[in-house]
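Values reported hereafter were calculated over all heavy atoms of this structure, with side chains retained and with hydrogens, waters and symmetry mates removed. Chain letters run A, B, ... following the sequence lines, proteins first, then strands; residues in each count from 1.
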There are 2 protein chains.
Amino acid sequence: MNSRVRELRQARGLSQEALARAVGVSRQTINAIETGRYDPSLRLAVHLARHFDSTVEEMFDVDAH
Amino acid sequence: MNSRVRELRQARGLSQEALARAVGVSRQTINAIETGRYDPSLRLAVHLARHFDSTVEEMFDVDAH
DNA sequence: CGGTGATGTCAAGCGGGCTTTACGTCAAGT
DNA sequence: ACTTGACGTAAAGCCCGCTTGACATCACCG
């Protein structure tokens, strides 16, 4: 699933680790989502969207691939 | 996780089975989500929100419980 | 050159999301 | 009384989301 996590994270100058701590998951989880290795849970997706003042629909492209 | 799936489904006069078919999952999955036994995946949550012309954030209360 | 931060990825393990199959209950209608 | 539809739930099994721990690479900087 494509997402704008990396784009938004970098736009704010955050490391994967800093974002991971901010949303309560491990650094590897953020990396896996950014590299498309797996999709976040609904809960994590909402937390990520909130963190970037966005919405789930705007941040995650459920239709890609 | 609380959701408005049951409320919206009933408002449209759909059975769990009809909704399940519409969003591409089993009837048991819809039932489990409505009864709070587990949370939908991000993909399914988006499909459900779309089906009801709503948004993920409006349909699912990630903070409940 | 040596150290540090950021990133990518792997492996093992746990629990959860979803499936199929299968029951049981209840309401409504004939 | 019987059937039918809708719902609730259980069990077994598969795959995925997430964890910790570990290792490698690369850029940058003293």
Salt-bridge present (Arg9(B), Glu34(B); N to O < 4.0 Å): yes
Side chain of Ser26(B) (C-beta onward), nearest among dC18(C), dT19(C), dG17(C): dT19(C)
Short side-chain N/O contact to dA6(D) OP1/OP2 from Arg9(B), under 4.0 Å: no
Leu42(A) side, atom CG; Met1(B) side, atom CE - distance, nearest 0.5 Å: 4.5 Å
Pairwise side-chain contact, Leu8(B) with Leu48(B), heavy-atom cut-off 4.5 Å (strictly under): no
Protein proximity profile, nucleotides 22-30 of chain C - base contact B, sugar-phosphate-only contact S, no contact -, cut-off 4.0 Å on heavy atoms: B--------
d(CD1, Ile30(A); P, dT9(C)) in whole Å: 15 Å
Minimum-distance nucleotide to Tyr38(A) side chain [options: dC18(C), dT19(D), dG8(C)]: dT19(D)
Integer-rounded Å distance: dG17(D) C1' and Met1(A) CE: 12 Å
Rounded interatomic separation in angstrom, taking CG from Leu44(A) and P from dG17(C): 13 Å
Distance test, side-chain N/O of Asn31(B) to OP1/OP2 of dC7(D), below 4.0 Å: no
Whole-Å gap separating P (dG15(C)) and CZ (Arg43(A)): 17 Å
Separation of dT7(C) C1' from Ile33(A) CD1 (nearest whole Å): 15 Å
Arg43(B)/Asp63(A) ion pair, N-O < 4.0 Å: no
Sugar-phosphate only, base, or nothing, as touched by Ser41(B) at under 4.0 Å among non-hydrogen atoms: sugar-phosphate
Gap between atoms CZ and C1', on Arg37(B) and dT19(C) respectively (whole Å): 14 Å
Residues from residues 12-23 of chain B lying under 4.0 Å of DNA chain D - heavy atoms: Ser15(B), Gln16(B)
Smallest separation among heavy atoms of Glu57(A) and Val56(B), with atom names: OE2-N, 2.9 Å
